[in-house]
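Structure first, then comments.
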Amino acid sequence: MKGRVTKVLAGTLALAAWGSAVLPANAADDAVEKVKEIMAVTLHNSMIKPGDKPPAADYWDPATLMVSYSRGFTHDLTAALLHMKDAGEQMFLDYEPVLGAQDGCPLRKVQYKAAPEDKGVTRVTVTFEAFYCLGDSPDLRKPTVVWFDLVREGWDNENRWFVVDDIRHPAQRGEAAVSLRENFRQLASH
């Protein structure tokens, strides 16, 4: 079964690569624009009410993985998925990966700020309110902070664009800092 799952996943990714190769090389040549593409899924999902039809695409459909995420991110995600599938797990993540929580409210006051590139990584900080509807505690009104670490990758040295290499949640609301890629690595090793 493991070999079949690997072949199916490899075939899906190859098909997505072929279909995505026709995209312009500068599609998402701006780090903030790349993050806004990812955040569009988060914004859409935050508006879904119980019983609503889920969105047509998610963060990690094959075409999006090929164009919007780094090779390292895709490798870590795929390793975690395959390990969990082999172990008979039925749930991949038990939280929304950008919110960093299971429950939230429709996002509001979303802001983006890109830092200068440092050692090949451009960090885009996104802040938003996501928990204000869950109670009256002032802590629920504090903005959530998410870091998107982006690198440039592409088909060759001349055709490179920003891709997400990690999504991080700095320590906030008394919780420890979280790296999505590190979470994937932990899932793959259990």
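Model, not experiment: these values are computed from the prediction.
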So, using ring pair (Phe, Tyr, Trp, His ring centres under 6.0 Å) as the criterion, who are the partners of F148 when residues are at least two apart? none
Is any side-chain N of the basic residue among R185 and D76 closer than 4.0 Å to the acidic one's carboxylate O? yes
When you look at CG of D156, are more than 12 heavy atoms from neighbouring residues, nucleotides or ligands closer to it than 6.0 Å? yes
Report yes if the side chains of K34 and S68 come closer than 4.5 Å at any heavy-atom pair, otherwise no. yes
For the student: nearest non-hydrogen atoms of A31 and V124, plus distance: CB-CG2, 3.8 Å
Are F73 and F184 an aromatic pair by the rule of ring centers under 6.0 Å? yes
From I38 atom CD1 to T42 atom OG1, the distance as rounded to the nearest 0.5 Å: 8.0 Å
For T144, does its backbone N or O pair with a side-chain atom of E129 as donor and acceptor, under 3.5 Å? no
Report yes if the side chains of L134 and C105 come closer than 4.5 Å at any heavy-atom pair, otherwise no. yes
Any donor-acceptor pair under 3.5 Å from Y132 side chain to L107 backbone: no
Report yes if some heavy atom in the side chain of V126 is under 4.5 Å from a heavy atom in the side chain of Q111; otherwise report no. no
Taking atom CD of E117 and atom OG1 of T122, what is their separation to the nearest 0.5 Å? 4.5 Å
Sorted by chain and number, sequence neighbours left out, side chain to side chain donor-acceptor pair (under 3.5 Å) with N183 holds for Y95
What residues, two or more places apart in sequence or in another chain, satisfy salt bridge (Lys or Arg N to Asp or Glu O under 4.0 Å) together with E96? none
With a 4.5 Å heavy-atom cut-off, do L180 and L93 have their side chains touching? yes
Any side-chain heavy atom of V163 within less than 4.5 Å of one from V151? yes
Could you check whether any side-chain heavy atom of M84 comes within less than 4.5 Å of a side-chain heavy atom of L81, counting everything from C-beta outward? no
Using modelled atom types and a 3.5 Å cut-off, is there a donor and acceptor pairing between side-chain atoms of H75 and backbone atoms of S70? no
What I'd like to find out is whether the side chain of F128 reaches to under 4.5 Å of the side chain of V146, using heavy atoms alone. yes
Does the Lys NZ or Arg CZ of R141 fall within the cation-pi geometry relative to F131 - under 6.0 Å from the ring centre and within 45° of the axis? no
With a cut-off of under 6.0 Å to the ring centre and 45° to the axis, is R168 in cation-pi contact with W147? no
Using a strict cut-off of less than 4.0 Å between a Lys/Arg side-chain nitrogen and an Asp/Glu carboxylate oxygen, indicate whether R181 and D165 qualify as a salt bridge. yes
Just one of D166, D149, D118 clears the side-chain hydrogen bond (donor to acceptor under 3.5 Å, both in side chains) bar with R123, so which one? D149
Do the side chains of V41 and M47 join up, straight or via other hydrophobic residues, at under 4.5 Å, putting them in one cluster? no
Can you list the steps and then say if E153 with R71 is a salt bridge (Lys or Arg N to Asp or Glu O under 4.0 Å)? CA-CA 8 Å; E153 288 185 359; R71 287 176 181 88; 3.3 Å; yes
Under 3.5 Å, is there a donor-acceptor pair between the T127 and Y112 side chains? no
Can you confirm whether L150 sits close enough to V121 that some side-chain heavy atom of one is under 4.5 Å from a side-chain heavy atom of the other? no
Give the C-alpha distance, both sets of side-chain angles, the deciding distance and a yes or no for side-chain contact (heavy atoms from CB on, under 4.5 Å) between V98 and Y59. CA-CA 10 Å; V98 173; Y59 293 109; 3.6 Å; yes
T64 and D61 side chains, donor-acceptor separation under 3.5 Å: yes
Of the non-hydrogen atoms in L140 and D136, which two are nearest, and what is the gap between them? CD1-N, 4.5 Å
